[in-house]
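Just the heavy atoms: all of them, side chains too, but no hydrogens, waters or symmetry mates, feed the values below. All ligand and atom numbering here is 1-based and tracks the order in the structure. Count residues from 1 along the sequence.
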Amino acid sequence: MTDRFNRRTVLKAAGAAGLLLATNAIGANARKRYAVVGVGSRARLFTGAITGRYRDGNEIVAVCDSNAGRRALAARRIAATGAGTPVAYAPADFQRMIKETRPQYIIVTTVDATHDDYIVRALEAGCDVITEKPMTTTAAKAQRILDAVKRTGRHVRVTFNYRYSPPRTQVKQLLMSGEIGDVLSVDFTWLLNTVHGADYFRRWHGKKANSGGLMVHKSTHHFDLVNWWLGAQPELVHAFGSRQFYTPATARRMGLQGPHERCLTCPEKARCSFYFDLASDPGLKALYLDNEQHDGYFRDQCVWRPEIDIEDTMNVMVRYDNGTQLNYALSAYDAWEGYHIAFNGTKGRIEHRIVESAGAAGAGEVQSKSTGVTTRVIPLRGRAARDRALDRYGRPWRR
Ligand SMILES: NC(=O)c1ccc[n+]([C@@H]2O[C@H](COP(=O)([O-])OP(=O)(O)OC[C@H]3O[C@@H](n4cnc5c(N)ncnc54)[C@H](O)[C@@H]3O)[C@@H](O)[C@H]2O)c1
């Protein structure tokens, strides 16, 4: 094992993030108090865990959202679990919320560009923070958060959940075992299909002012994985990107007259293969369609509209502080969804691939199922070892 892959550091990082809720659950009398700001789709993962599996040691005391309908819905849903009765607050009352409901932790699941504001205000009010990725969208905002952590001595945790899955942890273990020696170069391609990938262009993510673009919003997971896998930090980065597919020109190539404003009222819904039926999914309808009157936000905006300003085609070259070079590519209009990565080491190569979903199964489908994992170790000289992949539950993967 080289000192690049220090086992203790890895276990510390994994344990800290993965076991937070579990350790907090110890002792029914010491309930941890949480407030959740931004109660859209992602927040339900956190509220579900706290009101479900971890309800004995944890409780949600408040929710906050700029959309009055969604914050009321979230409070009702949490109360219906019988695991607490959170109070719903508007953003203008964030400070008052902390004073009145005394949460120890603020969970930040708002639109990316707004994270910094809530993180800093929560730290200054004496709370610790659990924030969704990306922690924030600009270097200046990141610095603001780091300064606030230093000033207050409080803690911010970014939920990089991709690390904590058996196949990705297995890759880390293989690298740490030294089986392929020191890693000299990495080739990493992430593909988003036209179901999940297209969804970024329908929602608030389509504007850089909200999401920072997919290089921030999405690739933050991927850069976190490589930094962790390598145990190294980037020191030189070159990157470029463009929007080539989700454009008015593609709509015209498909024979459409659009772009139009949104799918719900689109005059070409019968002809557009990217039509997204928000009304047909009860979950999405309750969360977004039924609450449009409060803020005018459409969850089904046209993916061809010209005002989108994020890229769909991105390439990055990185030199790490240990000399490793990375080639990275992300595109958002691919025929299947998943990734492949290859690590070239002084003693061999690891090839790792996950197929999340094989293409667009049907308009409106946003969930994908893992359909294949491959992890192969190929020595520089000698025969490739058998595939050693674990599936998402940590069982040996069988095709
Ligand atoms: N780790 C992951 O794999 C993963 C997956 C999905 C989303 N996320 C992250 O979760 C966060 C939320 O994403 P989502 O998919 O739930 O989006 P969403 O649109 O469903 O929810 C965002 C919520 O924030 C509210 N909001 C917007 N601006 C606000 C403000 N200034 N103050 C208070 N509330 C505000 C909206 O009304 C909405 O209810 C994002 O940061 C996203 O990057 C992470």
query = Is the closest heavy-atom distance from His221 to ligand 1 below 4.0 Å?
reply = yes

request  = Any atoms of ligand 1 less than 4.0 Å from a non-hydrogen atom of His115? List them with their elements.
outcome  = 41 (O)

request  = May I ask you to check whether Trp190 and Tyr162 place their ring centres under 6.0 Å from each other?
outcome  = yes

ask   = Of all the atoms in ligand 1, which lie at a distance below 4.0 Å from a heavy atom belonging to Tyr288?
value = 18 (P), 20 (O)

ask   = Which residue and non-hydrogen atom of the protein lie closest to atom 44 (C) of ligand 1, and at what distance in Å?
value = Glu132 OE1, 3.0 Å

key: Sub-4.0 Å atoms of ligand 1 with respect to non-hydrogen atoms of Asn67   = 37 (O)

inquiry  = Test your reading of the structure: does Ser66 have an N or O sitting under 3.5 Å from an N or O of ligand 1?
reply    = yes

ask   = Do the side-chain N and O atoms of His352 and Thr375 include a donor-acceptor pair separated by under 3.5 angstrom?
value = yes

note = Atoms of ligand 1 under 4.0 Å from any heavy atom of Arg70, numbered from 1 in the order shown, are 36 (C), 37 (O), 38 (C), 39 (O)

inquiry  = So for ligand 1, is Asp112 a polar contact partner (N or O within less than 3.5 Å, distance only)?
reply    = yes

message = Enumerate the side-chain hydrogen bond (donor to acceptor under 3.5 Å, both in side chains) contacts for residues 38-51, please, sequence neighbours excluded, ordered by first and then second residue.
response = Arg42-Glu132

query = Can you find an N/O atom of Asp295 closer than 3.5 Å to an N/O atom of ligand 1?
reply = no

Any donor-acceptor N or O pair under 3.5 Å, side chains Gln301, Arg203 = no

inquiry  = For Phe160, state whether at least one heavy atom is located under 4.0 Å from any atom of ligand 1.
reply    = no

ask   = Considering residues at least two apart in sequence or located in another chain, which fulfil the ring pair (Phe, Tyr, Trp, His ring centres under 6.0 Å) criterion with Tyr200?
value = His196, His205, His217

inquiry  = Tell me if the centroids of the rings in Phe46 and Tyr34 come within less than 6.0 Å of each other.
reply    = no

query = To the nearest 0.1 Å, how far is atom 37 (O) of ligand 1 from its closest protein heavy atom, and which atom is that?
reply = Asp65 OD1, 2.6 Å

request  = Take Val63 and Ile78 through the side chain to side chain contact (heavy atoms under 4.5 Å, CB included) test and state the conclusion after the steps.
outcome  = CA-CA 10 Å; Val63 293; Ile78 293 165; 3.9 Å; yes

ask   = For the rings on Phe343 and Trp229, is their centre-to-centre separation under 6.0 Å?
value = yes

request  = Compute whether any side-chain donor of one residue and acceptor of the other, for Glu351 and His340, lie under 3.5 angstrom apart.
outcome  = no

note = Numbered in order shown, the ligand 1 atoms found under 4.0 Å of a heavy atom of Thr110 are 11 (C), 12 (C), 24 (O), 33 (C), 34 (N), 35 (C), 40 (C), 41 (O)

From Lys150 atom NZ to Ile145 atom CD1, the distance as rounded to the nearest 0.5 Å = 15.0 Å

message = Any nitrogen or oxygen of Tyr297, side chain or backbone, less than 3.5 Å from one on ligand 1?
response = no

key: Ring centers of Phe94, Tyr89 separated by less than 6.0 Å   = no

ask   = Where is the nearest protein heavy atom to atom 15 (O) of ligand 1: which residue, which atom, and how far?
value = Arg203 NH1, 4.0 Å

message = Using a 4.0 Å cut-off to any heavy atom of Thr114, which atoms of ligand 1 qualify?
response = 31 (N)

ask   = In terms of residue, atom name and distance, what is the protein heavy atom nearest to atom 22 (C) of ligand 1?
value = Thr109 O, 3.8 Å

ask   = What is the closest protein heavy atom to atom 8 (N) of ligand 1, and at what distance does it sit?
value = Arg42 CG, 3.7 Å

request  = Have a look at ligand 1 and work out which part of Leu287, if any, has a heavy atom under 4.0 Å from it: side chain, backbone, both or neither.
outcome  = neither

Nearest non-hydrogen protein atom, atom 30 (C) of ligand 1 = Tyr118 OH, 3.7 Å

